[in-house]
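Report on one structure; see the data block that follows.
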Amino acid sequence: MNIFNVGAWRPPSHKLRAARLGAANALVARTLAAHGLRPTSGPKRRSGQSTMTTMPESLNPTPQPENASVSPISSGAVFRQEQYSCKAGSRKYRVYVPSTAAQGVTGIVVMLHGCKQTPEDFATGTGMNALAEQHGFVVIYPGQSRGDNAQSCWNWFSRGDQRRERGEPAILAGLTRQVMAEFNTPPRRTFVAGLSAGAAMAVILGQTHPDIFAAVGAHSGLPFGAANSVPSAFAAMAGNAMTAPAANDNGKAARAIVFHGSADSVVHPSNGDRIHQDAHSRTTGQTIETEEENTVCGRRVNRSTVLCPNGESLVEHWRIDGLGHAWSGGNPKGSYTDANGPDASAEMIRFFFEPSHKDT
């Protein structure tokens with residue numbers, strides 16, 4: 001669903017302001033804990049990655065067990081549990097198979113949860129299973145293990161998890177290939193999205209594996225190469241992300257849709273700007289840039305779009321006034337959601353499955 005009147009451009013009434021240093025310093029404890037970035041003396045993890053502490057109880061949403069209930073499954077659909085292992089490691093994951101899968105699927109969407117979330121919780125909060133049933137695609141929900149990050153965060157800030165066929169990118173790409181083979185799904189119909197740390201890892205996968213993922217959805221995330229250590233991770237979250245060369249130089253680039261709230265106090269909104277800029281810089285050929293403003297569910301929304309001359313969207317950036325660190329338009333039964341629109345899930349699916357990209 002496209003809620004905007006295409007071509008009706010209105011100049012933005014304000015610009016996002018850079019966070020003040022004092023305010024950033026006040027967020028140290030919360031942001032480090034929320035992303036599992038505070039060293040502890042607990043069990044050692046695999047080489048090249050730090051151990052993590054637990055989140056303070058006051059900042060901890062209701063824990064969601066691995067067998068947490070999710071929204072009702074449609075008759076004939078399956079929400080199964082799987083596990084994938086390779087040299088880089090092993091992860092459990094859930095797969096939602098729509099009831100119409102026997103007649104073929106339209107594509108695959110990989111959904112990467114944020115910190116302190118589970119696949120089941122993320123499925124509930126995003127409502128992606130209902131969209132999968134409506135549009136006939138398969139959804140993969142990988143789960144981060146507590147043994148690899150105490151807060152269940154994807155390790156986007158670790159050097160060992162930022163390159164092709166290494167660490168978590170290798171595991172996530174591998175399990176995606178396995179499901180692609182099962183449902184005979186080509187890369188042009190395979191996509192990845194995430195929230196927060198999951199969005200940061202989705203961005204990494206778009207850089208390291210553009211031959212697998214045709215498009216990336218990043219909600220409240222961070223740009224590729226934003227950090228390579230615990231201190232730089234905090235700096236990136238506060239709005240001082242590092243810069244890094246692209247992970248591949250083969251000319252391939254995944255399309256990208258970005259969502260970020262102006263009131264996000266965990267991951268600074270400038271990170272959304274950087275994801276947009278990086279994705280735009282990777283486009284080739286002539287492009288057209290548009291900027292629109294609208295009010296959705298009482299919130300001012302600014303959308304920047306980079307298009308091909310034929311109107312195909314290459315990059316979209318949604319800046320949502322008043323939204324915090326939460327999935328826009330999400331189900332309140334899931335953690336880190338904001339029921340007010342716009343509906344990030346529906347807009348991501350609309351972007352992913354644009355007709356011109358679905359059948360070519």
Side-chain angles (χ1 to χ4, degrees), residues 1-20 23-24 27 31 114 125-128 131 193-196 198-200 202-203 215-223 237-239 241 255-280 287-307 311 313-332 334-352 354:
M1 176 183 67
N2 190 342
I3 60 173
F4 284 84
N5 178 14
V6 177
W9 181 86
R10 289 188 293 274
S13 60
H14 74 287
K15 295 182 179 179
L16 297 177
R17 300 178 180 176
R20 291 177 296 180
L27 294 173
T31 52
T126 60
M128 197 58 72
L131 288 169
L195 171 67
S196 193
V203 170
V216 171
H219 199 312
S220 310
L222 297 104
M237 292 160 62
R255 298 162 59 237
I257 180 168
V258 183
F259 287 81
H260 219 115
S262 67
D264 193 330
S265 62
V266 176
V267 177
H268 193 272
S270 62
N271 287 289
D273 297 336
R274 271 283 309 279
I275 299 172
H276 173 199
Q277 293 163 9
D278 290 352
H280 189 185
T287 58
I288 301 169
E289 299 177 49
T290 67
E291 189 167 351
E292 305 160 282
E293 266 202 11
N294 209 335
T295 299
V296 183
C297 297
R299 281 182 169 153
R300 187 165 53 250
V301 178
N302 176 280
R303 183 179 71 167
S304 300
T305 308
V306 179
L307 308 102
S313 297
L314 299 176
V315 185
E316 287 189 16
H317 183 192
W318 295 60
R319 303 174 183 88
I320 306 170
D321 192 43
L323 176 68
H325 195 67
W327 190 272
S328 180
N331 185 339
S335 63
Y336 295 110
T337 59
D338 187 320
N340 293 324
D343 186 337
S345 295
E347 293 294 346
M348 284 186 182
I349 295 309
R350 184 265 311 161
F351 178 85
F352 290 163
E354 280 187 337

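Since the model is a prediction, treat every value here as computed from it, not as a measurement.
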Looking at residues at least two apart in the chain, or sitting in another chain, which of them share a side chain to side chain contact (heavy atoms under 4.5 Å, CB included) with [X]?
{"X": "Ala200", "value": "Trp156, Leu222"}
{"X": "Asp278", "value": "Pro223, Arg274"}
{"X": "Ala344", "value": "His219, Phe259, Trp327, Ser328"}

Regarding Glu316 and Arg350, does a basic nitrogen lie under 4.0 Å from an acidic carboxylate oxygen?
yes
Do Ile320 and Pro342 touch side chain to side chain, with heavy atoms closer than 4.5 Å?
yes
With sequence neighbours excluded, residues passing side chain to side chain donor-acceptor pair (under 3.5 Å) with His317
His276, Arg319
With sequence neighbours left out, what residues match Thr305 under side chain to side chain donor-acceptor pair (under 3.5 Å)?
none
Taking atom [atom1] of [X] and atom [atom2] of [Y], what is their separation to the nearest 0.5 Å?
{"X": "Ile257", "Y": "Ile275", "atom1": "CD1", "atom2": "CD1", "value": "12.0 Å"}
{"X": "Met237", "Y": "Asn271", "atom1": "CE", "atom2": "CG", "value": "9.0 Å"}
{"X": "Leu307", "Y": "Glu289", "atom1": "CG", "atom2": "CD", "value": "9.5 Å"}
{"X": "Asn331", "Y": "Thr126", "atom1": "CG", "atom2": "OG1", "value": "9.0 Å"}
{"X": "Asn302", "Y": "Ser262", "atom1": "CG", "atom2": "OG", "value": "11.0 Å"}
{"X": "Glu293", "Y": "Ser304", "atom1": "CD", "atom2": "OG", "value": "9.5 Å"}

Salt bridge (charged side-chain N to carboxylate O under 4.0 Å, His left out) involving Asp338 - partner list, sequence neighbours excluded
Arg299
Full working for side-chain contact (heavy atoms from CB on, under 4.5 Å) between His260 and Val267:
CA-CA 9 Å; His260 219 115; Val267 177; 3.7 Å; yes
If we ignore hydrogens and angles and just use 3.5 Å, is the side chain of Arg255 paired with the main-chain N or O of Phe351 as donor and acceptor?
yes
Return the minimal non-hydrogen interatomic distance between Pro332 and Ala339, and the atom names on each side.
CD-CB, 4.3 Å
Would Thr287 and His280 count as a side-chain contact (heavy atoms from CB on, under 4.5 Å) here? Give the steps.
CA-CA 9 Å; Thr287 58; His280 189 185; 3.9 Å; yes
